[in-house]
Each structure stands twice: as C-alpha cells, then as structure tokens.
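Contents: one structure, followed by commentary.
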Amino acid sequence: MKMFLNCIRRRLQLLGEKLPRYQRNIARYNTSDDSCDKTSLLMQLCADRYYISPEAFHTRTCTYGPLGTELKKNIIEQWTSAVRSRAYVFGITTSVQSRMCEESVRIVNVGDLQEILHQESLSKKEASQKIQTLMKASVSVRTSLLQGALQQYIQALELVNRTLPFGLAETGLCHHSDSQLRHSSGCSFEVTESSLVWFCSPRTSSQWMDYWAHQRLQWWRKFALGPSDFDMCNVVDEELKEGASHGVKVLYKFPWGLETLETLWSLGDTLLLKTHQGTCTKLQCRDGRKSVVPHVISVSANMDRGMLAYLFNSFQLMKKTDNKQKLNQRMVLKLHPTLTPVKVALDMGRGSSSELRQVCEGLFQEFLEAGISTWPGYLDTMSLSLENLHTKYDEMGVLFTVMVSESTLKGGLLLVCRIPSLSAQHIEP
C-alpha cells in the first residue's frame, strides 16, 4: 500500500497536482433469484473475468487466463517461500520423464495403437506383443515429484556436509491417472505440484512430521477469508502409500465435499534405500556421533486444486434490499492482498482522451517498475458507467481503483478507491 501511494505521489509531483476527496457509488450485481447456484456463478465469473479460459468447461486440462495465471503464480511463490524459510531447504528441478516405469504414466501415440488394433490379420498374441513393444518405446512421465528428489539426495549431501536435517523443494507438472482423479474434483490430467522432501534423523522424524503438518495447515489458513474451511486429518491405514508409516491430509471443504489439497507422508528410509540400491554407505549422515540413513518426510500440494479452494473461499454474494424492496446482489472476490492477481486498476474518465491516456501510461509504468500488478483499464474502448466499472473490479478481485479524469488535468484531482470497501482517500503530492 505504501509503495502504491508513493508511486501516485511521484507522478502527481511531476504534474504539479493535488489529490482531493471523491465520493463514488457502490457497484452491484443484480439478481432476483435467491437460489442461484454459487458454484455455477463462480465458474462463470472466473471465465468472464480472465481467471480461466472458456474451454476449461469442456476439457480435462486447466487452462488459465491472465488473472488465473497470476493468481496461481502468487500461490506457488508463497508456498515456496514458506517451505524454504527454514535453513537448508534447497530448490531443485527434475525431469518430467520418469525412470520409475511402474509408477509412471505413459504417453502413447494413438495412431500407432489404432494401426495395431485395426490389423485383423494379427492374432491376439501378436497384437499383444506389438502393443507391449509400443508401450516400451513410449515416453514415461512422472506422477509426483518425490522420486526426482530422492534421486538427487546423494548430490545434495555435499551441500550440508552430511548433516541433518535438510530438504529439497520443487514445483513442476505431474500427470495423474484416472484412478488418482476418480474421487476428486481434479480438473486436470496434468497438474502442477509443489513438493518438499525433508530428510531427518530417524529419532526425530515423528516430531518433524508433526511440525510440518501444523505448519502446512497454518499456511493454508493464513491467506483464507474463511480459515475454518481448511482442515486436517490422518490418512487411514488402508490408504497409506508404499513405505509410509503415517500420513496426514490438508483438506478444503468445497460445496460438494472435502478435497485433499496437500498430503504429508512419513516414509522412513524404505524408498530412499530402494532408489539407491547397493549404495547404503553413501546415504549415511551424521546424527550426533552416529551415522544413520535418514528418514524421509514427503510434503506434496496440488496447486491447481489449491487455487480453486482460494477462489471458492474468497467468493461472496453481497446482498442488500433497496428502497423498492428489490434484492440487489453483487459478486465479490475477496482474495488475500498477497495473492490477488491485480492490485490496482487504472482507468480514465471524461476529458481529453490523449492527455488522460498519457497520464495513465505514466502511472502504469511507475506501478510496473515498483512491482505493483496493474490492470490497464484505460485501454478498454467500451465505455462503462462508474457503477458497472466497480462491479467489474469487484468480480476481478482488484484491491484499488485509480481514476484519472479532466479534474486531474485541471486541478490535480485524482480518485483512489479501495475495492470492495469503496472508500476514497486523499493523497498529498
């Protein structure tokens, strides 16, 4: 906020202008239907306001618009910053292709497969052999980031002088199979996953598991409008993954039920030993005076589903009855200021369009140089009333609106309003 106001002050100093107070109207979204489906309204809003592309309704791939892309980036940056705030957590990048074929998803050329299936002259055995050959030649892609981190473990030991604990963090694309998506809202076969793989002493692994579980739940709640919608539960024994002795899920309460945003596994040393077979001595670290093979704690978050959770959590229908007893309702995205993709919307009102645009472009450049994400509303050729403009920015989740008008050119009057509280503020240059 301070940086934002300073940018405006600097621009007005160049113009030799002063800012006044301005009272504006509240924008509303009107509907007479009290039973509107909140989920449908939110999804349509996301399509209309550049969070998702319209094709996302008809495909299994999450395709984001400019605001959705920025929101997802902000969430990932905050996630990464949180897990790397501890000492000795290092970022890595691993290959999308997987060497663990039994745990991977394979990408097969459909044309080649159809060609085999349409060869009527082939016996079942011959067709099966050709399909197996095709499968072996196909590309194998990862379903999680865990394996890549385990493979980089020995190299990372040199960074910490074989001292525990330490972690490896990564964000990247993973490919989930139908079985992984069967009980979820997962909008995509291809998902963005953020991962922390934590290596620690066997005697402190349970304490670290409790620590990370608590930290992760608190992190999700930190940016939430309704923190109570985020919860945590233990994984039942029947759902424990290979090598795991304990599991914890961070959940979000969607309108259709609970969904997993993040999963933590206490994996012991089983998978690490399996990954580096025959090199047990190279895996050992110092734990006081002892040399031990570390235990592994895996933390993995589905960032696409996490973004969806924050959109649902921030979505509100603000209702009010006017003097004619007509129900007025406006849709508002109250995203956390740190996450919201657009901090400032810059618009121009009545006046000399060329001069106003010049002022807007100067302010826009200053905001960008200051690292303030800004929406260039002044480029919109469609003229909107102030009420409709505020409605649009409520739905986009914009924090502030800056309006440049003829009053700015003549008397140094510039309107700065906060969305959705709609309060105006004086700024002296």
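What's counted below: heavy atoms across the whole structure, side chains too, no hydrogens, waters or symmetry copies.
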Distance in Å, Thr275 OG1 paired with Leu283 CG, rounded so as to fall on 0.5 Å steps: 9.0 Å
Asn74 side chain to Gln78 side chain, donor-acceptor N/O pair below 3.5 angstrom: no
Rounded distance [0.5 Å steps], CH2 in Trp219 versus OG in Ser85: 12.0 Å
From Thr204 atom OG1 to Asp210 atom CG, the distance as rounded to the nearest 0.5 Å: 11.5 Å
From Leu311 atom CG to Ile52 atom CD1, the distance as rounded to the nearest 0.5 Å: 8.5 Å
Thr263 and Val248: CA distance, side-chain angles, deciding distance, side-chain contact (heavy atoms from CB on, under 4.5 Å) verdict: CA-CA 6 Å; Thr263 309; Val248 174; over 6 Å; no
Set of residues satisfying side-chain contact (heavy atoms from CB on, under 4.5 Å) with respect to Ser95, sequence neighbours excluded: Gln97
Test side-chain hydrogen bond (donor to acceptor under 3.5 Å, both in side chains) applied to Ser40 - qualifying residues, sequence neighbours left out: Asp37
Backbone N/O of Ile372 and side chain of Thr374: donor-acceptor pair under 3.5 Å: yes
Test item: Thr340 side-chain N/O and Gly397 main-chain N/O as donor-acceptor pair under 3.5 Å: yes
Gln155, CD: over 12 other non-hydrogen atoms inside 6.0 angstrom: no
Student check: side-chain heavy atoms of Leu251 and Cys233 closer than 4.5 Å: yes
Side chains of Leu272 and Tyr153 in contact at under 4.5 Å (non-hydrogen atoms): yes
Salt bridge (Lys or Arg N to Asp or Glu O under 4.0 Å) partners for Lys72, two or more places apart: Asp304
Heavy-atom pair with the smallest gap, counting every atom of Cys285 and Leu157: SG-CD2, 3.2 Å
Student check: side-chain heavy atoms of Leu196 and Ile297 closer than 4.5 Å: no
Results of ring-ring contact (aromatic ring centres under 6.0 Å, His included) for Tyr50 - residues two or more places apart only: Trp375
Residues in side-chain contact (heavy atoms from CB on, under 4.5 Å) contact with Pro337, at least two apart in sequence or another chain: Leu399
Lys/Arg-Asp/Glu bridge criterion (N-O < 4.0 Å) met for Lys274, Glu242: yes
Carboxylate-amine/guanidinium proximity below 4.0 Å for Asp380 and Lys392: yes
Contacts of Asp347 that satisfy side-chain hydrogen bond (donor to acceptor under 3.5 Å, both in side chains) - sequence neighbours left out: Tyr393
For the student: nearest non-hydrogen atoms of Thr39 and Pro255, plus distance: OG1-CG, 3.6 Å
Point-to-point distance, once rounded to the nearest 0.5 Å, from OG1 of Thr401 to CG of Leu415: 8.0 Å
Considering all heavy atoms, the nearest Ala149-Ile92 contact: CA-CD1, 3.8 Å
Derivation of the side-chain contact (heavy atoms from CB on, under 4.5 Å) call for Val404 and Leu409: CA-CA 8 Å; Val404 178; Leu409 301 177; 5.7 Å; no
Residue pair Leu356 / Gly349: nearest heavy atoms and the distance that separates them: CD1-O, 3.4 Å
Main-chain N/O of Val332 paired to Asp394 side chain as donor or acceptor, under 3.5 Å: no
Non-neighbouring partners of Glu239 that pass side-chain hydrogen bond (donor to acceptor under 3.5 Å, both in side chains), sequence neighbours left out: Lys249
4.5 Å side-chain heavy-atom contact, His295 and Leu267: no
Exercise: identify the closest heavy-atom pair between Tyr378 and Arg357: O-NH2, 3.5 Å
Main-chain N/O of Met209 paired with His214 side-chain donor or acceptor, under 3.5 Å: no
Salt bridge (Lys or Arg N to Asp or Glu O under 4.0 Å) contacts in which one or both residues fall within residues 216-232, not counting sequence neighbours: Arg216-Glu262
Non-hydrogen side-chain atoms of Val296 and Leu271 separated by less than 4.5 Å: no
Partners meeting side-chain contact (heavy atoms from CB on, under 4.5 Å) with Arg86 (sequence neighbours left out): Val89, Trp198, Trp208, Tyr211, Trp212
Any residue meeting side-chain hydrogen bond (donor to acceptor under 3.5 Å, both in side chains) with Glu193, in chain and number order, not counting sequence neighbours: none
Contact check, side chains of Lys334 and Met318, non-hydrogen atoms, under 4.5 Å: yes
Beyond-backbone contact of Met331 with Leu41, side-chain heavy atoms, under 4.5 angstrom: yes
Contacts of type salt bridge (Lys or Arg N to Asp or Glu O under 4.0 Å), residue Lys73, not counting sequence neighbours: Glu70, Glu77
Minimum side-chain heavy-atom gap Phe223-Ile75 below 4.5 Å: no
Leu264/Ser298 under side-chain contact (heavy atoms from CB on, under 4.5 Å): CA gap, chis, key distance, verdict: CA-CA 5 Å; Leu264 297 89; Ser298 169; over 6 Å; no
Heavy-atom donor-acceptor pair, Thr338 side chain to His336 backbone, under 3.5 Å: no
Gap separating the CG atom of Leu225 from the OG atom of Ser314, nearest 0.5 angstrom: 7.0 Å
Thr94-Glu170 side chain donor-acceptor pair, cut-off 3.5 Å: yes
Shortest non-hydrogen contact between Gly247 and Trp265, atoms and distance: CA-CE3, 3.8 Å
For Trp220, ring-ring contact (aromatic ring centres under 6.0 Å, His included) partners two or more places apart: Tyr310
Ring-ring centroid check Phe312 Phe254, cutoff 6.0 Å: yes
Step-by-step side-chain contact (heavy atoms from CB on, under 4.5 Å) determination, Tyr51 to Leu333: CA-CA 11 Å; Tyr51 279 91; Leu333 277 183; 3.7 Å; yes
